[in-house]
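Here is the structure we will look at.
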Number of protein chains: 2
Amino acid sequence: MRILIVEDEPGIFNFLKQGLEEESYAVDIAEEGKKGLEMALSGEYDLLLLDWMVPGVSGIEICRQFRKDFKDTPVIFLTAKDTVDETIFGLQTGANDYIKKPFHFEELLERIKVQLRPKSGEHSVFKLGNITLNTSTHQVFKAEEEIALTQKEFALLEYLIRNKGLVCRRSRIIESVWDIHFDYNTGVIDVFINALRNKLKLGKEENYIQTVRGVGYIAKEL
Amino acid sequence: MRILIVEDEPGIFNFLKQGLEEESYAVDIAEEGKKGLEMALSGEYDLLLLDWMVPGVSGIEICRQFRKDFKDTPVIFLTAKDTVDETIFGLQTGANDYIKKPFHFEELLERIKVQLRPKSGEHSVFKLGNITLNTSTHQVFKAEEEIALTQKEFALLEYLIRNKGLVCRRSRIIESVWDIHFDYNTGVIDVFINALRNKLKLGKEENYIQTVRGVGYIAKEL
DNA sequence: TTTGCGCCATGAGAATTTTAATAGTAGAAG
DNA sequence: CTTCTACTATTAAAATTCTCATGGCGCAAA
């Protein structure tokens, strides 16, 4: 999932960029309104985080322009406490949510997830090369052949495919798939990656799940 | 967790009540403003859901009065689309969030969870009789003795204790602890309840985890 | 190119989790 | 009070998941 942040304060956008990237979002920054609008209109993004007060074109103007072309992409405003009442105007121009500064990162994350959920929920079928994964039936196919996977194997594959093309860090995999948030020190991931590669018969020609040395794994088309 | 809904339309409050109770919240309804304020001020609730347009004392007035005594209890407004701009005024008077009608139940649920999270996060130690469960160290004690539990055993016990005093339906347990949201047809819960009762040595005198025939289980003080 | 280090792959065994079968029990019906 | 039925308790075995040890391999430095 790609997120565009339009925000001029480095303290804030660096904090956001780092945090969101750790959550496996792909993040771009625009420090100024005109550039932000231009990037937003490129259509590359799944969600916009707009600062209310940004130099150049205002956040609300970006939102309005953006909405002309993109009716479904969620927009969240970051607003200072004392401009909350203006922000409501932003909501009327098509923003989906706003969050008051200072905010807890966790809360922002929740709101982002809420906004992105309906869209990702629509698609219950994901593809990776000739592999098809269906989250509603919990089935996996390699070409025409159904592959029987266990719960954890399925969950791991789903995580990798949902983040197709993005490097998945071990720590993030452990958190998302195993729900372990504390002293992480285990080799389970390797074992299950191994199991997936075997069951899916991924040889050298079909190396869809690649190792990223020192970091984790990545699922990608060849 | 106890939630008070102040809302006059039966169609809405019944829908909310049922949905939230399925999520193991305890829900009360006030169909009218004066009664709603009175109930809110009783201090029994962990969260308020206020309709903006409610007969008698207005939602915003309830919120303002309530805030005088309860600084930390979250308040969420349910607002019709065409009164959004007034709602901002509600946010300024101390509401924590609002949601536009018509809304997706899932989204409301997320927002409720967000608001309740910080409070429940504060406490990492839960008690049930002489049993102590610590979520940050992942330890469980029966009186002074530490009891070694496996992951699933711990998760199940945590779920039961977090919902202490409330009946936990099998379907909810399966969803929360096992993360299974589809055709549920298994006897795992029974097996793990059994394991917990054994490990915690719950005899007839210390029947902290009781069976609710046909529904599920309940953890309660004696 | 060779060496050395550290990370990853792999396989086997241990522990946990799940299934499935049987026995037991509460509550309804007769 | 007895019987029947449906649900729960308990146990053992099967399946999955996890740990651990060993060997292999990539990458960097010499």
Can you tell me if B:Thr186 touches the phosphate of C:dT19, counting only side-chain N or O atoms and a distance under 4.0 Å to OP1 or OP2? yes
Per the atom types in the model, does the base of D:dA9 pair as donor or acceptor with the side chain of B:Arg197 at under 3.5 Å? no
Using OP1 and OP2 only, check whether a side-chain N or O of B:Thr150 sits under 4.0 Å from C:dT17. yes
Listed nucleotide nearest any side-chain atom of A:Val188, set D:dT8, D:dT19, C:dT17: D:dT19
Separation of B:Ile180 atom CD1 from C:dT17 atom C1', in whole Å? 11 Å
Per nearest nucleotide of DNA chain C, the residue lying toward the 5' end, A:Asn198 or A:Gly216, is A:Gly216
Taking CD1 from A:Ile174 and P from D:dT17, how many angstroms apart are they, rounded to a whole number? 13 Å
From the options D:dT17, D:dT19, C:dT19, select the nucleotide whose nearest atom is closest to the side chain of A:Phe192. D:dT17
Taking OP1 and OP2 of C:dC8, is either one under 4.0 Å from a side-chain nitrogen or oxygen of A:Arg170? yes
Can you list the steps and then say if B:Arg170 with B:Glu175 is a salt bridge (charged side-chain N to carboxylate O under 4.0 Å, His left out)? CA-CA 9 Å; B:Arg170 283 162 181 277; B:Glu175 289 193 354; over 6 Å; no
Whole-Å gap separating P (C:dT17) and CD1 (B:Ile193): 14 Å
Rounding to an integer number of Å, can you tell me how far B:Ile173 CD1 sits from C:dT18 P? 14 Å
Would you say B:Asn194 places a side-chain N or O within less than 4.0 Å of OP1 or OP2 belonging to D:dA9? no
Apply side-chain hydrogen bond (donor to acceptor under 3.5 Å, both in side chains) to A:Asn130 and A:Glu206, showing your working. CA-CA 9 Å; A:Asn130 60 356; A:Glu206 295 184 316; 3.3 Å; yes
Would B:Glu158 and B:Arg162 pass as an ion pair if we require N to O under 4.0 Å? yes
Sorted by position of nearest nucleotide on DNA chain D, 5' first, the leading residue of A:Gly187 and A:Arg213 is A:Gly187
According to a strict under-4.0 Å criterion, is B:Trp178 in side-chain N/O contact with OP1 or OP2 of C:dT17? no
Can you check whether B:Thr211 has a side-chain N or O nearer than 4.0 Å to OP1 or OP2 of D:dC7? no
Any side-chain donor-acceptor pair under 3.5 Å between B:Asp46 and B:Tyr25? no
Whole angstrom is fine here: how far is it from CG in A:Asp190 over to C1' in D:dA21? 14 Å
Taking CD1 from A:Ile189 and P from D:dT19, how many angstroms apart are they, rounded to a whole number? 11 Å
Take atom CG of A:Leu196 and atom P of C:dA9, then tell me their distance rounded to the nearest Å. 12 Å
Rounded interatomic separation in angstrom, taking CG from B:Asp179 and P from C:dT17: 15 Å
Is the gap between the ring centers of A:Tyr159 and A:Trp178 under 6.0 Å? no
With sugar-phosphate meaning primed atoms plus P, OP1 and OP2, does B:Tyr217 contact a base, only sugar-phosphate, or nothing at under 4.0 Å between heavy atoms? sugar-phosphate
